[in-house]
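First the proteins, then the strands, lettered A, B, ... as listed; each starts at 1.
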Amino acid sequence: MKTKLKNMIKTAAKAAYKAGAINSDDFTPVEIEEPKAGAHGDLASNFAMLNAAAQKMAPRKIAEAVVNHLADSDGIIDKTEIAGPGFINFFLNTSAWHPVLHEVHAQDTQYGACNIGDGQKIQVEFVSANPTGPLHVGHGRGAVVGDTVATILSFCGYKVFREYYINDSGRQIQTLGRSVYLRCLELAGRDITFPEDCYQGDYIYDIARILMDQSKEWMLGAGQDEAIAYCAKYASEKILNGIKDDLALLGVDFDNWFSEQSLYDSGRVDAAIKQFQADGLIYEKESALWFKTHAFGDEKDRVVVRQNGLTTYFASDIAYHRDKFDRGFDQIIDVWGADHHGYIPRISAAIKAAGKNDDRFHVILTQLVNLLRAGTPVAMSTRAGQFVTLREVIDEVGRDAVRFIFLTRHYESQLDFDLEVAKQKTNDNPVYYVQYVHARISSIFKKAKQEKNIKTISGDAESVSRLSEPEEIALIKHMARYPEVIQSAAQWMEPHRIAFYLMDLAATFHAYYNKHRVLVNDLKLADGRLYLVLAVQKIIRNGLNLLGVSAPDAM
RNA sequence: GCGCCUGUAGCUCAGUUGGAUAGAGCAACGGACUUCUAAUCCGUAGGUCAGGGGUUCGAAUCCCUUCAGGCGUACCA
């Protein structure tokens, strides 16, 4: 509808120029928007104001000229008004909106899809939590946001690849092994002191118990280094499997689980360092190796190999991001917790240093999640090992609600996640509000079939033309907006736009449902209304699918 | 100190990338179920868009500044 009007304005402006009614044929692109106030029409354009300077004319004069040259070949415009400083307001026929319904039905599951990705290969890396402990709600947010962004991008023409980067090498894995080993000794009755920098959580005991059951003799007999290495390997695999289970429970799946250790094993970290050294981008100072990130916009240079000869996390990250580009991705997206934001400049720097444009690298930072229960904060101390795991939250609240809550805020704002609120099946918890629309419509169709013996819907010209109630037109107008919501969600990588759209559409539907009956005795009207609500249901289903939330037929 | 994020109704949050009279849910108050699911709807009330300057036809939105909260500022990850 908007594009239709845009074209009409463009041609009208050209015609006005030819007729000498305006001074220039150099126009800014036409913008159309939906006025908030109904009195300002169905759609409006600020075309005249934007072009006032170039035309050297008063906006209202320009608007007048454009309106006088409008050619409404399809007869969709009821009337136009020039208002305020120079808005052109369009009031459309109700029949102008009816074709939207046919589009929804014809495109069905593909309604709203677009091709802004144009087949570009895009990698979304997300969660990537260290396999040293269970996931918590913060990881859950990153998981849901990353997964949903990926789904939306793929719906909009990108070839999407989901990846989880496993930090399965280095000091923290070593620490994990040490933690488990010490707990093993403790279980065997040895006198130990458990260091503060070790992992304190109870899950360490759980793993230690399993190891002691399986191979107590070996564990106590083996050399310490050997035993710790074994514990590290066993524990990290065990924890990673738990992470995989938790994510599966959330409906999150990956195309690839990428091992950090594999970068070392295949020599890609060394190769990257050597390459950058050869390029003069890595230098030695105070017996450490430094990367010249400062020259590429970072605050200062960063160490890649420490004095003690060990590589830093940054070193493998350089190799990792280089590898991503080597694998042919046009764009790479990292989803990180906001506490890592300081890391962006150095990764960008490394990418620029490698000769890639850092436009192709984008970081989504999800802000932290405060877990509450009935308004009071739940203690979340990772150090003390006391925290509520993601698994517990999913078990208590349910996957749909968890996902929807994460998706009903912009990921850049902090989020209060209240377990009690999340469990409520009221409008405090809008996932049910949206799902209820789907269930209600299913119920209408069940009734139509069983009690009215209506088996098919024609949606023909006559029945659709009967849709003229304001609430019906409001619904159709709303549905017409869906494709642009999807596109903007993809473009800005902001899934919450879809969640809010769905809540809005749901509200419009519930209002309609309460005011009008679908299964009326007038069969033509009933047919038109069934055609209408089925379209609503399709959009609700499509939208919820994109968000990874189920669309139930009954609640 | 410096950098990033945030600040909108009592609470939780939107706000179409600069548009007209700033919106929704919850909470409060008053209404609507013999009719397709009341997990719903209708109405009332609620605002110095943190404060102050600026940019222009027009600012919650852009720029500067002050304040408040969070996070980050390692040869940790």
Side-chain angles (χ1 to χ4, degrees), chain A residues 31-37 39-40 44-46 48-50 52-53 58-59 83-87 89 130 132 167 170-173 175 197 285-290 299-300 302-314 317 337-345 365 367-368 370 375 405 408-410 412-416 418 421 424-437 439-448 451-452 481 484-485 488 491-492 496-497 499-501 503-504 506-507 509-520 526 529-530 533 554-555:
Chain A
E31 289 175 28
I32 297 279
E33 55 199 21
E34 288 167 56
K36 284 173 223 159
H40 295 138
S45 178
N46 57 359
M49 280 114 79
L50 292 179
F87 287 102
N89 295 336
N130 294 345
T132 54
N167 295 117
R171 205 176 69 96
Q172 79 280 3
I173 293 294
T175 305
D197 68 331
K285 190 179 92 182
E286 292 160 6
S287 44
L289 291 183
W290 297 72
E299 281 178 4
K300 56 178 208 170
R302 306 287 175 178
V303 170
V304 285
V305 180
R306 293 185 266 163
Q307 263 179 0
N308 60 12
L310 296 176
T311 51
T312 60
Y313 183 86
F314 182 45
D317 248 357
D339 52 341
H340 288 80
H341 77 255
Y343 217 73
I344 298 175
L365 291 177
Q367 284 291 332
L368 72 101
N370 294 309
I405 288 167
T408 41
R409 1 218 88 118
H410 191 111
E412 269 182 7
S413 43
Q414 290 186 18
L415 161 59
D416 289 330
D418 193 309
V421 174
Q424 278 172 29
K425 300 192 169 174
T426 66
N427 216 348
D428 249 336
N429 201 9
V431 65
Y432 300 112
Y433 185 80
V434 175
Q435 288 180 320
Y436 192 42
V437 171
R440 269 185 152 174
I441 294 172
S442 285
S443 175
I444 293 173
F445 279 96
K446 200 171 150 196
K447 198 100 178 171
E451 293 180 18
K452 302 270 179 180
R481 268 185 52 214
E484 65 190 77
V485 170
S488 71
Q491 206 166 334
W492 300 96
H496 76 280
R497 292 167 183 255
F500 279 92
Y501 170 86
M503 290 192 282
D504 243 23
F509 173 80
H510 284 310
Y512 175 62
Y513 181 92
N514 270 276
K515 188 158 177 189
H516 302 284
R517 229 183 127 68
V518 173
L519 298 175
V520 288
R529 288 185 171 172
L530 284 169
V533 298
M555 290 172 73

In sequence, state the C-alpha distance, the side-chain angles, and the governing distance for A:R529 and A:Y512, and then conclude on side-chain hydrogen bond (donor to acceptor under 3.5 Å, both in side chains). CA-CA 11 Å; A:R529 288 185 171 172; A:Y512 175 62; 3.3 Å; yes
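Base orientation of B:U6: anti, since the glycosidic angle falls outside 90° of 0.
In this structure, A:P430 reaches neither bases nor backbone, as no heavy-atom distance under 4.0 Å exists between it and the strands shown. Among the protein residues, A:L415 comes within range of the sugar-phosphate backbone only, with heavy atoms under 4.0 Å from sugar or phosphate atoms but none that close to a base. Contacts of A:R517 with the nucleic acid, taken as non-hydrogen atoms under 4.0 Å apart, include base atoms. Across all strands, A:K515 comes closer than 4.0 Å to no nucleic acid atom at all (heavy-atom distances). Using a 4.0 Å heavy-atom distance criterion, A:K447 is classed as a sugar-phosphate-only contact. A:N46 comes within contact range of at least one nucleobase, with a heavy-atom separation under 4.0 Å. At a threshold of 4.0 angstrom between heavy atoms, the contacts of A:Y513 include nucleobase atoms, whether or not backbone atoms are also involved. Residue A:Y433 is classed as a sugar-phosphate contact, given heavy-atom separations below 4.0 Å to backbone atoms only.
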Protein-nucleic acid N or O pairs under 3.5 Å, nucleotides 70-76 of chain B:
| from | atom 1 | to | atom 2 | distance (Å) |
| --- | --- | --- | --- | --- |
| B:G70 | O2' | A:Q414 | NE2 | 2.9 |
| B:C75 | O2 | A:Q307 | N | 2.6 |
| B:C75 | N4 | A:E286 | O | 3.4 |
| B:C75 | N4 | A:E286 | OE1 | 3.2 |
| B:C76 | OP1 | A:R306 | NH1 | 2.9 |
| B:C76 | OP2 | A:R306 | NE | 2.6 |
| B:C76 | OP2 | A:R306 | NH1 | 3.0 |
| B:C76 | O2' | A:R171 | NE | 3.3 |
| B:C76 | O2' | A:R171 | NH2 | 3.2 |

Hey, what are the protein-to-nucleotides 26-34 of chain B N/O distances that come in under 3.5 Å?
| from | atom 1 | to | atom 2 | distance (Å) |
| --- | --- | --- | --- | --- |
| B:C26 | O4' | A:D428 | OD1 | 3.4 |

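Across B:G72 and B:U8, the matching P atoms stand 23 Å from one another, rounded to whole Å.
The nearest pair of heavy atoms linking A:Y433 to A:A507 is OH-CA, 3.0 Å.
Looking at the side chain of A:E412, the nearest of the listed nucleotides B:U6, B:C36, B:A20 is B:U6. Considering only side-chain atoms of A:A511, the nucleotide from B:G19, B:C42, B:U37 that sits closest is B:C42. The nucleotide whose nearest atom lies closest to any side-chain atom of A:A44 is, among B:A14, B:C57, B:A20, B:A20.
Two residues are said to be in side-chain contact when any heavy atoms from C-beta on lie closer than 4.5 Å; A:N370 and A:D418 fail this criterion.
Rounded to a whole Å, the OH atom of A:Y432 is 18 Å from the C1' atom of B:A38.
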